[in-house]
Novice: 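First, the structure itself, so that you have it in front of you.
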Amino acid sequence: MSTEKTPASAQDIVFDHVVKTYPNAASPAVDDLSLTVSAGEICVLLGPSGSGKTTALMMVNRLAEITGGDIRIGGRSITDHDPIELRRSIGYVIQQTGLFPHLTIADNIATVPKVLGWDKRRVKDRVAELLDLVGLPVAEFGRRYPSQLSGGQRQRVGIARALAADPPVMLMDEPFGALDPITRERVQDEFLALHERIRKTVIFVSHDIDEAVKMGDRIAIFREGGKLAQYDTPRTLLKEPADEFVARFVGADRGLKRLTLTRLAELDLTPATSGDAALPAIGADASLRAALSLMVAEGTDAVRVMESGDGGGGGEVGAGGEGGEGPGGAKALGTASLDAVRKAGAA
């Protein structure tokens with residue numbers, strides 16, 4: 001997929017005083033919702049059960065019809081679209097992936113392109129392209145069935161299927177909620193890396209504030225009654241909650257959560273010396289929270305920051321190594337002290 005073309009395909013999503021009231025309900029499920037999701041951004045909808053976040057998501061592709069107000073995608077009202085055609089133009093990923101168990105992985109991904117009338121060669125090329133994009137080569141995985149894949153692999157196939165027709169918008173309803181914690185973190189990281197390449201506009205429903213902070217460019221917090229409590233970047237949300245409800249919802253540890261938003265590479269590091277070799281080492285791509293956790297675990301007040309995060313998503317490399325090098329020959333960029341981490345987190 002061309003990374004030069006796909007960013008231009010992303011489109012704004014605008015909620016304009018949207019209301020949804022179900023029949024015989026005493027109050028709206030969504031009440032006067034107004035917000036804009038900018039093209040190419042990930043917006044996470046967060047809130048307690050029954051706050052209307054899933055209803056807000058479902059109104060975008062008209063699985064739930066609007067009672068009042070309007071939703072516009074790329075400047076055009078969703079009510080101007082035939083509902084079926086609208087849904088075919090929007091990627092949709094759910095918690096249990098929704099894969100057809102009787103179809104192969106390749107045929108699952110090909111479902112929408114075939115409905116849209118693509119020719120066989122184009123469909124075949126697109127399936128191969130997407131499976132390669134999500135790290136499941138078609139030669140190895142294309143003929144398998146969903147039951148023959150792990151949960152994380154099925155979720156990646158669900159994402160590939162949602163991207164099949166190159167939609168400008170993706171809707172994701174707790175897509176990683178059924179995964180175990182280790183797999184969930186890995187698939188989150190994979191999706192964020194993928195999103196850097198494809199830059200679709202994504203609305204993502206979650207119950208997890210940590211997931212929202214990690215995944216979202218912006219977070220919309222709903223309160224009971226379907227009202228929007230705050231819509232902001234994760235950093236602003238954690239530093240300046242709009243009211244007591246938001247502060248309670250994001251948690252008393254919101255200061256620690258803010259540490260996940262800054263990478264060690266962003267700090268002014270203290271130059272490394274030979275005396276720092278005994279300090280635990282961590283990759284520069286790791287968050288301040290990961291660095292703090294490593295200091296606590298190792299009983300130190302500083303870490304060595306290495307050129308590459310050989311330890312994976314958390315960036316942890318470990319202890320040991322001589323002089324300016326760590327495991328695998330990684331170069332030490334400097335050290336980060338507990339005080340430096342604390343000050344950066346408070347900024």
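Small disclaimer: the values here were computed from a predicted structure and weren't measured. Counting from 1, the numbers follow the sequence of the chain as shown.
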Novice: Is the shortest side-chain heavy-atom distance between Phe191 and Ile42 below 4.5 Å?
Specialist: yes
Novice: State, to 0.1 Å, how close Arg88 and Val112 come at their nearest heavy-atom pair, and which atoms those are.
Specialist: O-CG1, 4.0 Å
Novice: Find out whether the Lys NZ or Arg CZ of Arg161 is both under 6.0 angstrom from the six-membered ring centre of Phe100 and within 45° of the ring's axis.
Specialist: yes
Novice: Drop me the distance from Leu86's CG to Ile71's CD1, to the nearest 0.5 angstrom.
Specialist: 9.5 Å
Novice: Check whether Glu85 reaches the backbone of Asp82 with its side chain - one donor and one acceptor, N or O, closer than 3.5 Å.
Specialist: no
Novice: Between Val93 and Met170, is there a side-chain heavy-atom distance shorter than 4.5 Å?
Specialist: yes
Novice: Looking only at heavy atoms, what is the nearest atom pair of Ala220 and Leu35, with distance?
Specialist: CB-CD2, 4.0 Å
Novice: Would you name the heavy atoms of Val19 and Thr21 that are closest together and state the gap between them?
Specialist: CG1-OG1, 3.8 Å
Novice: For Leu33 versus Ala56, what's the shortest heavy-atom pair and its separation?
Specialist: CD2-CB, 4.0 Å
Novice: Indicate the atoms forming the closest heavy-atom contact of Leu294 with Ala281, along with that distance.
Specialist: CD2-O, 3.7 Å
Novice: Under 4.0 Å between a side-chain nitrogen and a carboxylate oxygen: does that hold for Lys20 and Asp31?
Specialist: no
Novice: State plainly whether the residues Arg126 and Glu129 are in salt-bridge range, i.e. N to O under 4.0 Å.
Specialist: yes
Novice: Is there a donor-acceptor contact under 3.5 Å from the side chain of Arg144 to the main chain of Glu140?
Specialist: yes
Novice: In terms of heavy-atom contacts, does CG of Asp268 have more than 12 from other residues, nucleotides or ligands at under 6.0 Å?
Specialist: no
Novice: For Asp107, does its backbone N or O pair with a side-chain atom of Thr111 as donor and acceptor, under 3.5 Å?
Specialist: yes
Novice: Do side-chain atoms of Asp80 reach the backbone of Arg76 as a donor and acceptor pair under 3.5 angstrom?
Specialist: no
Novice: For the CD atom on Glu224, are there more than 12 heavy atoms of other groups (residues, nucleotides or ligands in this structure) within a distance under 6.0 Å?
Specialist: no
Novice: Within 45 degrees of the ring normal and closer than 6.0 Å to the centroid, is that where the cationic atom of Arg218 sits relative to Tyr231?
Specialist: yes
Novice: Ignoring hydrogens, what is the shortest heavy-atom contact between Lys257 and Val213? Give both atom names and the distance.
Specialist: O-CG1, 4.2 Å
Novice: Under 3.5 Å, is there a donor on one side chain and an acceptor on the other for Thr183 and Asp180?
Specialist: yes
Novice: Kindly determine whether Thr233 and Asp217 satisfy side-chain contact (heavy atoms from CB on, under 4.5 Å), including the steps that lead there.
Specialist: CA-CA 6 Å; Thr233 64; Asp217 294 297; over 6 Å; no
Novice: Any luck finding a side-chain donor-acceptor pair between Asp276 and Thr335 under 3.5 Å?
Specialist: no
Novice: I'd like to know if the side chain of Glu211 pairs up with that of Ser206 as donor and acceptor (distance under 3.5 Å, no hydrogens or angles considered).
Specialist: yes
Novice: Is any side-chain heavy atom of Met215 closer than 4.5 Å to one of Phe176?
Specialist: yes
